[in-house]
Amino acid sequence: MKLVKAIIKPFKLDAVKDALGEAGVTGLTLSEVKGMGRQKGHTELYRGAEYTVDLVPKVELDIVVPDELVGRVVEAILTAARTGSVGDGKIFVIPVEEAVRVRTGERGETAV
Amino acid sequence: MKLVKAIIKPFKLDAVKDALGEAGVTGLTLSEVKGMGRQKGHTELYRGAEYTVDLVPKVELDIVVPDELVGRVVEAILTAARTGSVGDGKIFVIPVEEAVRVRTGERGETAV
Amino acid sequence: MKLVKAIIKPFKLDAVKDALGEAGVTGLTLSEVKGMGRQKGHTELYRGAEYTVDLVPKVELDIVVPDELVGRVVEAILTAARTGSVGDGKIFVIPVEEAVRVRTGERGETAV
Amino acid sequence: MTVASIALLLADAAPPLKLEDVAKSVADNTTAINFVWTLVAGFLVMFMQAGFAMVETGFTRAKNAAHTVTMNFMVYGLAMLAYWVAGFAIQAGGVGPLSTLGGYDQMNRAFTIHVAGHDWGLFGMRGFFLTGVAYNASVFAYFLFQMVFMDTTATIPTGALAERWKFSAFCVFSLFVGGLIYPVFANWGWGGGWLSQLGANAGLGNGYVDFAGSGVVHLTGGTIALVSCFLLGARKGKFNKDGSPNAIPGHDIPMAMYGTFILCFGWFGFNAGSTLAGSDVRIAVIATNTMLAGAAGGISAMIYVWSKYGKPDPSMLANGTLAGLVAITAPCAFVSAPSAVVIGLVAGVIVCVAVVIVERKLKLDDPVGAISVHGFNGAWGLLSVGLFADGTYGAGTNNVTGAVTGLLYGGYGQFAAQSIGVLTNLLWVGSSTFVAWKITGLITKGHRVSVETEEMGLDTPEMGVPAYPAQEGAPEAAMPVLQKVAG
Amino acid sequence: MTVASIALLLADAAPPLKLEDVAKSVADNTTAINFVWTLVAGFLVMFMQAGFAMVETGFTRAKNAAHTVTMNFMVYGLAMLAYWVAGFAIQAGGVGPLSTLGGYDQMNRAFTIHVAGHDWGLFGMRGFFLTGVAYNASVFAYFLFQMVFMDTTATIPTGALAERWKFSAFCVFSLFVGGLIYPVFANWGWGGGWLSQLGANAGLGNGYVDFAGSGVVHLTGGTIALVSCFLLGARKGKFNKDGSPNAIPGHDIPMAMYGTFILCFGWFGFNAGSTLAGSDVRIAVIATNTMLAGAAGGISAMIYVWSKYGKPDPSMLANGTLAGLVAITAPCAFVSAPSAVVIGLVAGVIVCVAVVIVERKLKLDDPVGAISVHGFNGAWGLLSVGLFADGTYGAGTNNVTGAVTGLLYGGYGQFAAQSIGVLTNLLWVGSSTFVAWKITGLITKGHRVSVETEEMGLDTPEMGVPAYPAQEGAPEAAMPVLQKVAG
Amino acid sequence: MTVASIALLLADAAPPLKLEDVAKSVADNTTAINFVWTLVAGFLVMFMQAGFAMVETGFTRAKNAAHTVTMNFMVYGLAMLAYWVAGFAIQAGGVGPLSTLGGYDQMNRAFTIHVAGHDWGLFGMRGFFLTGVAYNASVFAYFLFQMVFMDTTATIPTGALAERWKFSAFCVFSLFVGGLIYPVFANWGWGGGWLSQLGANAGLGNGYVDFAGSGVVHLTGGTIALVSCFLLGARKGKFNKDGSPNAIPGHDIPMAMYGTFILCFGWFGFNAGSTLAGSDVRIAVIATNTMLAGAAGGISAMIYVWSKYGKPDPSMLANGTLAGLVAITAPCAFVSAPSAVVIGLVAGVIVCVAVVIVERKLKLDDPVGAISVHGFNGAWGLLSVGLFADGTYGAGTNNVTGAVTGLLYGGYGQFAAQSIGVLTNLLWVGSSTFVAWKITGLITKGHRVSVETEEMGLDTPEMGVPAYPAQEGAPEAAMPVLQKVAG
Ligand SMILES: Nc1ncnc2c1ncn2[C@@H]1O[C@H](COP(=O)(O)OP(=O)(O)O)[C@@H](O)[C@H]1O
Ligand SMILES: Nc1ncnc2c1ncn2[C@@H]1O[C@H](COP(=O)(O)OP(=O)(O)O)[C@@H](O)[C@H]1O
Ligand SMILES: Nc1ncnc2c1ncn2[C@@H]1O[C@H](COP(=O)(O)OP(=O)(O)O)[C@@H](O)[C@H]1O
């Protein structure tokens, strides 16, 4: 199993959720994060002072999937999340040794 | 060392914290996340329109523990977080290669 | 590649960001979390009742870096985030199998 | 030469200015001043609904915020309509002519009983739906002012019952408060009923004196809160197995304090408006005393908590200020400024002690402190009339010649009348609340939401929507509408 | 002996009290009462701006909250200055002497046309910049009161256009509303213009009667919202490819309800203040009817939604209450309390149905329901005068002798006049909105923000700052100032 | 035939209407109108406390929000009690008879010095605790109105000192503001003291003229803020090593704008109420000028910032509006509408420039802009009386016959008096602030919280509770109560 961690633009969430559904993903966990990277942040104005904010709001998706699904999941995200402009985000794949469903105690791939 | 990542129902947090304490866990990091899965979300009503929200508030616990503790920690969470109804959550176990305590620079299992 | 996960005191964020920049880090993802550990939390007062809050606000940084950079990154965080008092936080290093840049589809170390 | 001949004599002049006409215009002006004052004051009291909504919502958890705020919102309309249908008539039927509002006297029709050689009023019987003789500007002005007071009472229990009360039960129960529970006691205290007659009929000072309603409004609200809070039970997690309490902090302290400021603002209308007369310069004394007592309550609560726990607790400061305001509500017109300060200082301490008693002795779970603020200090306010009234004001109140005078100024009967008022309130309001609660429970199949609903938060299951939807669902996502409705 | 000789007779006394002088003082007092009343009421109406700001901001998303609140904030000043420059003069030029405010009569100068044997007023031509004869206390009082009404209209469309309207376009367009669109219709309805003359000139009841502005204020706002909402298009994501709508919940429901309470509070000034006379005791009837209709609107909306969807929807309750208030605004002075309740009950249902029609039939995206609340119910309010006015008030209105009387009390012409008012509003306001919109678009190079801006949220790109900066950037970080400015 | 004989003659009539009695009733009505007006206006000013609380809390960070809001909350009560104990007596002792409030004249007792052939007032000595001759309705009305003004001053510095000031030091220092610093200057400007005598005694126009307190209230608050902000030092992180500033955005911009609307609302009471007379129709001019200047300030600030930085900055718009209001506060009664607009436009630019000066030249850290809004524009307001007063109002002010007339209308002395007022304010308020600050520091062992507290946020360490507890601890967890307290 792998944990696919995808950091995407917030307004792409709906499209990515749909694409993941089609790729066979049945569950995921989402959090609101802030990202820093090539995307340059932006200038804000507060009480007569301009300043730069280099943190950009992003949504992070954690999706644990069986090894054989990783490719499809990554592809699905790539397609759905891409706008082509800087800051589209990243996908990281991390090994998972075990998964357990709390409700039933099931373990392994059937748990996800 | 392993990172035990547990996604649970928010109101179970207190029980899980207590159980983890008994299992010998001394530290953890918690974040508020939203989950999607079998638990079906719910219907909401806003200005005369019904709609479905498929994201459910969850709490995610990140607990780094020595390998030998993983079993006990998983058991503790399983017991404390279970309600038996859909949406009780998941536990994922992920390998950790190194841990460092910022304050002292200690490394390895003594750092957690 | 590794995922360096650093949990630090919120007001150290600026210093850590600067140090990471100097260490060659170009991107990271940040989230606001709450931590429990040796740092004992604090007493609060609400409507005539004192109670203890054992969760402390922390900032978590997720930084994916090529293997050879891990050492420098960890050092940079250690130096910048340290205050010397309990609760300075932890750094965990987790293996990453793959990284993909959504915008271009690039994979591997060039993607981060 | 008589006035009539002067009138005659003026009549043949052009322009025909007559003293009577001028005098009539003067009286009309006085009436107009009193209308303006009463209405503006009534508006301010209405605005207190917003203050209560903020305080109660700020002091509850985010997951129940939509439920709490909607209770506060709907109680205004629900209790109002019940009061319009029946409550006002029950309350006002023995009120006598509305002397400051033009003297209209067609509303009188009280049900009385004859005991010990006197007629004692029990409730009124005229003015239902504001129709018939009640379709009159003076009556409408009086209605508006009395309505907003009733609504203050109706909103008090929602705080004590927050985070676990079924919304349907809330709706039904509020009709009882506005239509029956409040009006009956208000008749006794303000509508010419038996409590107000304790002076004229039984020689107890000026009878029950409650200038702007420490008793009629606040103690009533506090008693309803006490009984219903007991019947509803504590929130899940409030008490441990061993009976020890847990703190459940609200989610928005600044909002609670903004709300408290709104209450401070509206309270000027509450108290000073209760003259129903802008032509009575005592309004300045009343307003100033109100202001001072509120400040004193906040300060003594702060000092008390600070010296006990080492920190000034913002939520108790706010409660302390309200306690001072509740306490001064009955005596505001009858006491000097230093007395107002003393009444407020005592109130600030009472509320701190009461919060602990309610939670740790009575084992009641009152999320916002409604019982402590309105109940305990409502009683203290009533009694403080019997202590501090200095005999400089209120001559003629309740048809008793002398001015209102408390114990410290030699008026013993007054204190007795006030004490009877407190007891009567506990008895009538307590028992009628019990009955109304049980009837409501039958209609709405219980008062309590399910355990799951309580765990998840009442907002979505009970109200249909979370208070802060973006923190719940996905911040960006527009949610597809489920069910299409034919226009 | 004449008055003069009495005066003489009094003159040799010391102090030389004269009846005329006393009578003059009495009249001055009446004027003072009316000034105080009109100004206080005007202040309350101004405060409604805060209520609108909270409702609209609460009903939009966090990422657009700074934009929404700033539109609400600036519309107050922008439209005000346009009104001061030109709008007031256009509106008020045929208003006649300000009888309750001391009788000042120097403002009259209307442009009229002669048709069918009568002069019909089209717009006023005096009072620009409040200078010259307009530099007078009576005129200033009148200006203030009329200004805050205009500003209510100007703020209504901002809700319907929220989350996608360029701020620069908003600024320019608001000048048109305050300087032209509103004032012309207000002249016709309130400034002595042709709609108000339909009674005297054409025998239709008392002509167009709109006591506090269901039409002049709310329908005007609603019509502007309707037309501009159509021209601006829906928010990205509101409608799916197949035309089905998505729900886009606002981010702060409690704030929207606090705002609604502020509106309930301010509405007392809105309606009861429209007598411009505290000396008219009808103010009590007006205020009470207003209160009752608002409550009824909230309750019927609640019952409607609850029975349809199984849950009381807080956002519709709030809209229902406002609907009741909008509807009672025209008839408030002319109807009995039960009629007020009926008007409110109907309004609460209308708004629920209208929300669905606007979204699913007209395919318009109105984030806060401005069209449904102010448009539909503005029209309903106007018509309800023609139905429910009971002939007990308003004799002499628009120079017609009889009291205002609706269909249910035998007054046929009145209903016709009201209907003409509704149609005229749609025509004038609709067409002038279209023209002003197009001109604005030329000046500001379009009305719509870019797709990127809309996706990201309008706050930072349009306003320069997010509404809740800590939720955006790093909570702890002090941000270095980019550009240094020489002091 | 004398009045007495007429009285006699009327006496044998039934009812015995007498002209004197009628005239007396007329005068009573006038007094009543003035009481109602003064009190309602005072209530509105009190409500501004809520506005200040929202603005200041919105403009600070979430981690300090409970501290900021509680300072705003408690300053109301703390300064009030100090004012009740001593401040009012110091201020009011030379005020003369309260002519609009019934003419009560028992309060006079001023400490004066004899210089250059004249007696100059320094402070009052009667009215401590509102007892003795001060226990009088007229005095109470006057007290209430003056108290809420003082409290505005007392709340201004809390914004400039936010996010780092020890709560204990705040408590003590506020007593000095309410009990001494403000009252002395208020005596000089409004209580018959030497500044107000500059006209009668030294021929400078009407002496210091400050209709509703650009100087007495706002400049005083601004000067306190300036000096104490300098003494307290900047927030950690505000300035970099090289002295360049960082932006530290507040956490709730919409809340700051709602608060600004509340201030706009309350300001009507502030300015128009300062006639202490509803019978003075000039109130309409005052209220309208106030409204226009506020709008103009917001608009010019918007245009200035927009053209400078490319975006309208919501926080500066809000400050600009307040700047306009502060500036019009002194001249509101004496100027035409166009002048009011000009004064506001200038104020909106001044505040934008001042913010930069304060931050980048003076290197002061004023989180909410108190110095720029209240200090700079308070001075501008005072001077603008000396420029724009058009000689149409204020005859008799400060016992000088002529109306108030500024430079542009040929009144040279007036501008001199105003300038002396500004300088005096800086001197007295600045130096007394310095002394009070040092004494406070001795009592509370310093003014500044520890570095750790500042880093963590002041809420929990100083106040005991975070502003938004759910965002701090676990949202669901009920927290066990630590320390049990015996009931
Ligand atoms: N090395 C990294 N480790 C963790 N997250 C990263 C890293 N680099 C980028 N990110 C995340 O990906 C987001 C997009 O990255 P960015 O460099 O701005 O654009 P792009 O993905 O188009 O190259 C960032 O905002 C951040 O959240
Ligand atoms: N494949 C997955 N990857 C990551 N998180 C998941 C995954 N599946 C489920 N989750 C998380 O677990 C939660 C519970 O899962 P769900 O399928 O609803 O119920 P259950 O755990 O009872 O099967 C989800 O809300 C989500 O947060
Ligand atoms: N075993 C763990 N797993 C995950 N996070 C941990 C663990 N132990 C500590 N943390 C995180 O590190 C933070 C600091 O730990 P703490 O024990 O308080 O101090 P220190 O790092 O100085 O030993 C905690 O607040 C928590 O967020």
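In what follows, chains carry the letters A, B, and so on, assigned in the order in which the sequence lines appear, proteins first and then strands, with residues in each chain numbered from 1. Predicted, not measured: the structure shown is a model, and the values here were computed from it.
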With only heavy atoms counted, which part of [X] is less than 4.5 Å from chain E, the side chain, the backbone, both or neither?
| X | value |
| --- | --- |
| F:Thr392 | side chain |
| F:Ala62 | neither |
| F:Ile286 | neither |
| F:Ser25 | neither |
| F:Val341 | side chain |
| F:Phe239 | neither |
| F:Val281 | both |

Among [options], residue most engaged with chain F (heavy-atom pairs, under 4.5 Å):
| options | value |
| --- | --- |
| E:Trp84, E:Phe129, E:Phe143 | E:Trp84 |
| E:Ile33, E:Leu130, E:Leu39 | E:Leu39 |
| E:Gly102, E:Ala53, E:Ser138, E:Ala66 | E:Ala53 |
| E:Asp28, E:Asp21, E:Leu78, E:Thr68 | E:Leu78 |
| E:Gly51, E:Gly464, E:Gly259 | E:Gly464 |

Item to complete: Could you tell me which of F:Gly298, F:Pro254, F:Ser279 has the largest number of non-hydrogen atom pairs under 4.5 Å with chain E?
Response: F:Pro254

Item to complete: Could you check which of F:Asn289, F:Val335, F:Asp313, F:Asp280 has the highest count of heavy-atom pairs closer than 4.5 Å to chain E?
Response: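 So the answer, after comparing F:Asn289, F:Val335, F:Asp313, F:Asp280, is F:Val335.
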
Practice prompt. Test F:Phe47 against F:Phe43 for ring pair (Phe, Tyr, Trp, His ring centres under 6.0 Å), laying out the working first.
Written response: CA-CA 6 Å; F:Phe47 188 42; F:Phe43 304 163; over 10 Å; no

Worksheet item: Is the closest side-chain donor-acceptor distance between F:Asn240 and F:Ser244 under 3.5 Å?
Response: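 A pair is found: one side chain offers a donor N or O, the other an acceptor, under 3.5 Å apart.
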
Practice prompt. Go through the steps to decide whether E:Thr38 and E:Asn34 satisfy the test side chain to side chain donor-acceptor pair (under 3.5 Å), and finish with yes or no.
Written response: CA-CA 6 Å; E:Thr38 302; E:Asn34 296 343; over 6 Å; no

Report yes if the side chains of [X] and [Y] come closer than 4.5 Å at any heavy-atom pair, otherwise no.
| X | Y | result |
| --- | --- | --- |
| F:Asp252 | F:Thr57 | no |
| E:Met74 | E:Cys171 | no |
| E:Met80 | F:Met291 | yes |
| E:Asp151 | E:Val45 | no |
| E:Lys166 | E:Glu462 | yes |
| E:Met255 | F:Tyr258 | yes |

Discussion item. Please give me the minimum heavy-atom distance between F:Asn246 and F:Gly237, naming the atom from each residue.
Written reply: ND2-O, 2.8 Å

Item to complete: Kindly indicate, with the supporting measurements, whether the criterion ring pair (Phe, Tyr, Trp, His ring centres under 6.0 Å) is fulfilled by E:Phe167 and E:Phe170.
Response: CA-CA 5 Å; E:Phe167 195 76; E:Phe170 149 78; 5.2 Å; yes

Side chain / backbone / both / neither for [X] at chain F, heavy atoms under 4.5 Å:
| X | answer |
| --- | --- |
| E:Tyr135 | side chain |
| E:Tyr76 | side chain |
| E:Met54 | both |
| E:Leu44 | both |
| E:Leu144 | both |

Practice prompt. Determine, for F:Glu454 against F:Lys236, whether the closest basic-nitrogen to carboxylate-oxygen distance falls under 4.0 angstrom.
Written response: no

